[in-house]
Amino acid sequence: MMIVMKEGATDEEIAHVVERVEEIGCSAHVSRGEVLTVIGAIGSKEDRVADLGLEAASGVDHVVPILKPYKLASRQFRKGQDSVIEVDGRKIGGDNFGLIAGPCTVENRDQMMASARDVAAAGATMLRGGAYKPRTSPYSFQGLGREGLRLLSEAGEETGLPVVTELLDLRDIDDVVEVADVIQIGARNMQNYSLLTEVGRSGKPVLLKRGLSATVEELLMASEYVLKEGNEDVMLCERGIRTFENAYRFTLDLLAVPALKEATHLPIVIDPSHAPGRRDWVEPMALAAVAAGADGIIIEVHNDPDKAICDAAQQVPSDTFGELAGKIDAIAQVVGKTVSKA
Ligand code: PEP
Ligand code: MN
């Protein structure tokens with residue numbers, strides 16, 4: 001249920017509603033908009049909110065059910081307003097576009113630094129790099145782990161870019177939280193609910209990737225696990241799903257952009273790299289994502305992609321990335337967005 005407060009409702013009136021909601025065993029999520037404050041009463045006992053008579057409480061305007069199974073993620077909960085997530089001065093959401101770039105994997109100091117310098121010079125707003133890699137084969141390189149985090153952090157500091165990195169396993173959460181400005185939850189972990197709950201509690205912004213065979217609604221339900229812990233900074237990421245089509249690695253589902261925009265206030269990010277699996281197809285997908293109205297893209301860029309340990313075929317050479325970044329910038333402007341730099 002959603003309790004919409006009157007314009008100018010006081011802190012005491014809001015606290016009173018929160019108390020009543022919590023008394024019946026629901027959790028209360030207060031969302032303060034520019035004009036109105038909304039309180040989401042969430043939980044398995046939600047039906048009992050209707051019996052509280054909150055319509056008559058001081059400061060309350062009206063009480064309405066949230067119609068979708070995802071509650072805090074639903075566009076209705078934010079009264080139609082887009083969420084804007086700010087990471088170190090860079091914004092994603094609303095009119096702000098985020099350009100996240102960097103190598104698939106942190107391989108060594110020279111590779112990480114060279115790639116980071118190039119993407120920063122090209123105008124990226126955040127730096128990506130995986131220290132823990134989810135590989136199909138257990139015999140493939142699994143990432144540098146803590147050493148990878150250290151190198152990523154060094155590259156982030158030198159370039160001034162916030163860093164995005166994947167948390168694969170709950171056992172590494174403290175190490176990842178220490179370094180990451182945004183925690184990536186990979187496609188294979190989209191429904192790892194204990195991991196989602198813990199990143200929710202960490203309070204760090206989260207980039208949640210859509211599972212390989214997950215529906216749009218399942219992605220939204222997964223985001224709810226993070227949001228329910230009081231962490232409002234969640235970005236949803238489409239990265240390609242499994243279909244019957246085998247002419248490329250995955251099917252990049254760009255219809256997820258308008259569909260998610262209608263369903264949720266959360267920013268939508270597209271990963272144009274993993275579905276094509278080859279670099280000449282990455283640019284058209286990146287540009288199409290911007291045109292479709294995505295709030296950001298996360299793209300794999302490497303200083304010497306042919307020698308990359310992981311995902312070599314799809315990584316864009318960093319010395320050509322500036323050209324692509326320029327086109328992204330131009331299309332973003334056409335759809336009314338600005339690449340958000342600090
Ligand atoms: C990645 O971003 O490098 C990655 C492993 O992504 P995904 O979880 O989408 O496969
Ligand atoms: Mn990759």
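Whatever order the structure lists them in is the order used to number ligands and atoms, beginning at 1. In this chain, residues are counted from 1 in sequence order. Please read all numbers here as calculations on a predicted model, not as lab measurements.
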Considering only non-hydrogen protein atoms, determine which one is nearest to [atom] and report residue, atom name and distance to 0.1 Å.
atom: atom 4 (C) of ligand 1; result: His274 NE2, 3.7 Å
atom: atom 6 (O) of ligand 1; result: Lys209 NZ, 2.9 Å
atom: atom 8 (O) of ligand 1; result: Ala187 N, 2.8 Å

Report task. Mind telling me whether His265 and Phe77 have parallel, tilted or perpendicular rings, with 30° and 60° as the class edges? Result -> tilted
Report task. State the atoms of ligand 1, each with its element, that fall below the 4.0 Å cut-off from a heavy-atom position in Glu300. Result -> 3 (O)
Report summary line: If we number the atoms of ligand 1 from 1 as shown, the ones under 4.0 Å from a heavy atom of Arg128 are 1 (C), 2 (O), 3 (O)
Distance-only N or O hit between ligand 1 and [X], under 3.5 Å:
X: Asp311; answer: no
X: Asp271; answer: no
X: Arg239; answer: yes

Query raised in the report: Name of the Asp311 N, O or S atom nearest the Mn ion (ligand 2)?
Result: OD2
Report summary line: Min over Pro134, Cys104, Gly186, Ser273 of heavy-atom distance to atom 5 (C) of ligand 1 lands on Pro134
Query - Val199 versus Asn231, closest heavy-atom pair with distance - result: O-ND2, 3.3 Å
**Report entry** Heavy-atom closest contact (Arg32 atom, Asp11 atom, distance)
**Finding:** NH1-OD1, 3.5 Å
Query raised in the report: Cation over ring, Arg239 on Phe250, under 6.0 Å and within 45°?
Result: yes
**Report entry** Within-shell test, Arg210 vs ligand 1, heavy atom, strictly < 4.0 Å
**Finding:** no
Query raised in the report: Is the CD atom of Glu245 crowded by more than 12 outside heavy atoms at less than 6.0 Å?
Result: yes
**Report entry** Heavy-atom side-chain proximity of Lys71 to Met221 below 4.5 angstrom
**Finding:** no
Report task. Could you tell me whether the side chain of Leu208 reaches within less than 4.5 Å of the side chain of Met190, counting heavy atoms only? Result -> yes
Query raised in the report: For Asp311, which of Arg279, Arg249, Arg278 qualifies under salt bridge (Lys or Arg N to Asp or Glu O under 4.0 Å)?
Result: Arg249
Query raised in the report: At the Mn ion (ligand 2), what's the angle from His274 NE2 to Glu300 OE2, rounded to 10 degrees?
Result: 80°
